[in-house]
Amino acid sequence: INTLTFNLNNYFVFEKLDQKNIIWGEINFLRYPPLQNKILDKIKLNCYYPHHIISKIINFYFFLLKVFRFKSTFKPHFEMINNHTDAKFTNTYKIKSHAWAYDDYLNYHNKKNENDKSVEGFINNNYILYVDENVPFHEDPFEHGYSKPLCKTQIFFDEINKFFNFIEKKFGKKVLIAGYPRSNYKKNYFDGRKIIYGNTISLVKNSQMVLMHNSTAVNYSIIYKKPLIFINSKNYLLHYSLSIKALAQELNLTDVNITNDYNNISTPLINIDRYNDYFKKYIKADFHNNEDRSFELFYKELLNIYSKCII
């Protein structure tokens, strides 16, 4: 399985795979709803982040390079997908799988809920969960060529804690924090609220409601049919704000901009049809009804891959 993206620094890897006739493939799971930006938003993105245009030019150059210099598009022999729309290539062998979150779900329930314990000071279904994304300190924007963090740190925590105070008073439940796995907070930035790491699926399952931005942990909320509030802000970078909005719209919800007035907020309704559609599009399509994990599905397809590729 190859996880590299073709560029001038690693083209030799693809070239060797091609020369040696090595059978290889990619994992192409659609993790999030794609952005359906309005023309004005696209203009803003390109003005704020000109590297978007540069990136498209570079990608086109790499495509021409593959075709005319290396005489090959270096197409994989197979790709793992969790939905038909995930497929990036034609005439490749498709391994029909599901999102990693569904593996978590299967593993969690196969353990007979041994990790399904009440959090100290909290009763199941008697707390509201915030899925932390380490937003002010997240490395993603820099890895994707942005020069700024996703938000300003002080504004982020001032806004989020004010919003938590409102939520706790509005619904009469405490907010519990599901800590981002790679966060390394030097102090508790959430006004002393309890932070728990490594058990997000259980925390979602036993919560009354889930607050988040655009974490892939949304899949757990879809699986367990939890009410969702998507938190947005004028303080967030434009591309991040738009991705939150797109995720909310996919579920027929409106994101809450916590820079503005939110006094009229109420418990979000669960649109079962939208939740089910999301499940089929991004978590587990109607490929199969068995409860095999992704790696088990892959192993079962190995012989088919081999036989198809050598013919």
Side-chain angles (χ1 to χ4, degrees), residues 118-138 150-181 183 185 187-197 199-236 240-272 274-275 278:
S118 296
V119 179
E120 184 179 354
F122 294 84
I123 301 172
N124 287 350
N125 205 38
N126 199 37
Y127 61 85
I128 295 171
L129 184 71
Y130 169 64
V131 179
D132 174 42
E133 294 179 39
N134 198 31
V135 178
F137 312 114
H138 207 290
L150 292 175
C151 64
K152 294 179 180 179
T153 302
Q154 190 60 54
I155 296 177
F156 176 84
F157 287 112
D158 286 346
E159 285 186 342
I160 205 81
N161 284 313
K162 181 182 177 182
F163 183 64
F164 290 165
N165 291 339
F166 171 82
I167 288 293
E168 288 175 334
K169 184 176 180 181
K170 175 82 174 180
F171 298 104
K173 311 286 183 184
K174 290 184 178 180
V175 171
L176 183 65
I177 314 295
Y180 183 73
S183 64
Y185 296 127
K187 63 177 183 178
N188 188 320
Y189 289 95
F190 298 103
D191 286 353
R193 292 180 174 87
K194 194 173 186 67
I195 305 174
I196 297 177
Y197 293 92
N199 206 14
T200 303
I201 187 169
S202 175
L203 294 173
V204 170
K205 175 179 178 289
N206 294 302
S207 67
Q208 184 186 64
M209 185 192 306
V210 178
L211 316 174
M212 65 167 52
H213 305 284
N214 75 339
S215 169
T216 53
V218 67
N219 291 342
Y220 302 145
S221 299
I222 299 299
I223 290 170
Y224 292 113
K225 301 293 190 293
K226 295 294 178 178
L228 280 159
I229 292 178
F230 291 96
I231 302 172
N232 214 334
S233 168
K234 292 180 180 178
N235 177 44
Y236 303 163
Y240 185 59
S241 178
L242 290 174
S243 69
I244 296 169
K245 188 178 295 290
L247 186 55
Q249 289 174 346
E250 189 78 14
L251 296 167
N252 200 34
L253 295 171
T254 302
D255 54 308
V256 177
N257 191 319
I258 60 174
T259 306
N260 301 329
D261 176 53
Y262 42 76
N263 288 322
N264 294 326
I265 196 171
S266 59
T267 303
L269 299 176
I270 297 174
N271 186 319
I272 294 298
R274 285 297 188 98
Y275 271 54
Y278 192 99

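- Scanning all heavy atoms of the two residues, the minimum distance from Pro227 to Gln208 falls at CD-O, 3.4 Å.
- Counted within 6.0 Å of NZ on Lys162, heavy atoms from surrounding residues, nucleotides or ligands total 12 or fewer; the atom is thus considered open.
- When every heavy atom of Leu228 is checked against every heavy atom of Leu253, the shortest pair comes out as O-CD1, 3.7 Å.
- The distance from atom CG of Asn161 to atom CG of Asp191, rounded to the nearest 0.5 Å, is 3.5 Å.
- Considering only heavy atoms from C-beta on, Phe230 comes within 4.5 Å of Leu247 through its side chain.
- In this structure, Leu203 and Tyr220 have side chains that are not in contact, with every pair of non-hydrogen atoms separated by 4.5 Å or more.
- Taking the six-membered ring where tryptophan is involved, the planes of Tyr185 and Tyr189 are perpendicular, since the angle between them exceeds 60° and thus also 30°.
- The salt bridge (charged side-chain N to carboxylate O under 4.0 Å, His left out) search around Arg193 returns Glu168, not counting sequence neighbours.
- Taking the six-membered ring where tryptophan is involved, the planes of His213 and Tyr130 are perpendicular, since the angle between them exceeds 60° and thus also 30°.
- Two residues are said to be in side-chain contact when any heavy atoms from C-beta on lie closer than 4.5 Å; Val131 and Val210 meet this criterion.
- A distance of 9.5 Å separates CG in Leu251 from OG in Ser221, rounded to the nearest 0.5 Å.
- A distance-only check finds a donor-acceptor pair linking the side chain of Asp132 to the backbone of Tyr180 [under 3.5 Å].
- At least one side-chain heavy atom of Ile160 sits under 4.5 Å from a side-chain heavy atom of Ile258.
- Residues meeting the ring-ring contact (aromatic ring centres under 6.0 Å, His included) test with Tyr275, sequence neighbours left out: none.
- In this structure the side chain of Tyr127 never reaches within 4.5 angstrom of the side chain of Val175, judged on heavy atoms.
- For the atom pair Asn252 CG and Arg274 CZ, the distance stands at 4.5 Å (nearest 0.5 Å).
- The side-chain hydrogen bond (donor to acceptor under 3.5 Å, both in side chains) check on Ser183 picks up Tyr197, with sequence neighbours excluded.
- With hydrogens and angles disregarded, no donor-acceptor distance shorter than 3.5 Å links the side chain of Gln249 to the backbone of Thr254.
- Applying the side-chain hydrogen bond (donor to acceptor under 3.5 Å, both in side chains) rule to Tyr262 yields no partners; only residues at least two apart in sequence or on another chain are considered.
- Under 3.5 Å, the side chains of Asn232 and Lys245 contain no donor-acceptor pair of N or O atoms.
- By the side-chain hydrogen bond (donor to acceptor under 3.5 Å, both in side chains) test, Asn264 is found to be paired with no residue, residues two or more places apart in sequence or in another chain being considered.
- With sequence neighbours excluded, no residue forms a side-chain hydrogen bond (donor to acceptor under 3.5 Å, both in side chains) with Tyr236.
- Considering all non-hydrogen atoms of both residues, Cys151 and Pro136 come closest at SG-CA, 3.7 Å.
- Side-chain contact between Ile128 and Ile167: present, with at least one pair of heavy atoms (C-beta onward) separated by less than 4.5 Å.
- Here NZ of Lys173 is found 14.0 Å from CG of Leu129. Values are rounded to the nearest 0.5 Å.
- Taking the six-membered ring where the residue is Trp, the centroids of Phe156 and Phe137 are separated by 6.0 Å or more.
- Going from atom OG1 of Thr200 over to atom CG of Asn219 covers 12.5 Å, rounded to the nearest 0.5 Å.
- With a 4.5 Å cut-off on side-chain heavy atoms, Ile265 and Phe163 count as touching.
- Every side-chain contact (heavy atoms from CB on, under 4.5 Å) that Asp261 has, sequence neighbours left out, goes to Asn263.
- Under a 3.5 Å cut-off, the side chain of Asn235 and the backbone N or O of Lys152 do form a donor-acceptor pair.
- When all heavy atoms of Ile231 and Ile244 are compared, the closest pair comes out as O-CD1, 3.4 Å.
- Residues forming a side-chain contact (heavy atoms from CB on, under 4.5 Å) with Thr259 (at least two apart in sequence, or on another chain): Glu159, Ser233, Lys234, Asn257.
- Closest non-hydrogen pair, Glu133 versus Ser215, comes out as OE2-N, 3.0 Å.
- Every residue two or more places apart in sequence or in another chain that forms a side-chain contact (heavy atoms from CB on, under 4.5 Å) with Ile272 is listed here: Lys225, Ile270, Asn276.
- In this structure Lys226 satisfies the salt bridge (charged side-chain N to carboxylate O under 4.0 Å, His left out) test with no other residue, sequence neighbours excluded.
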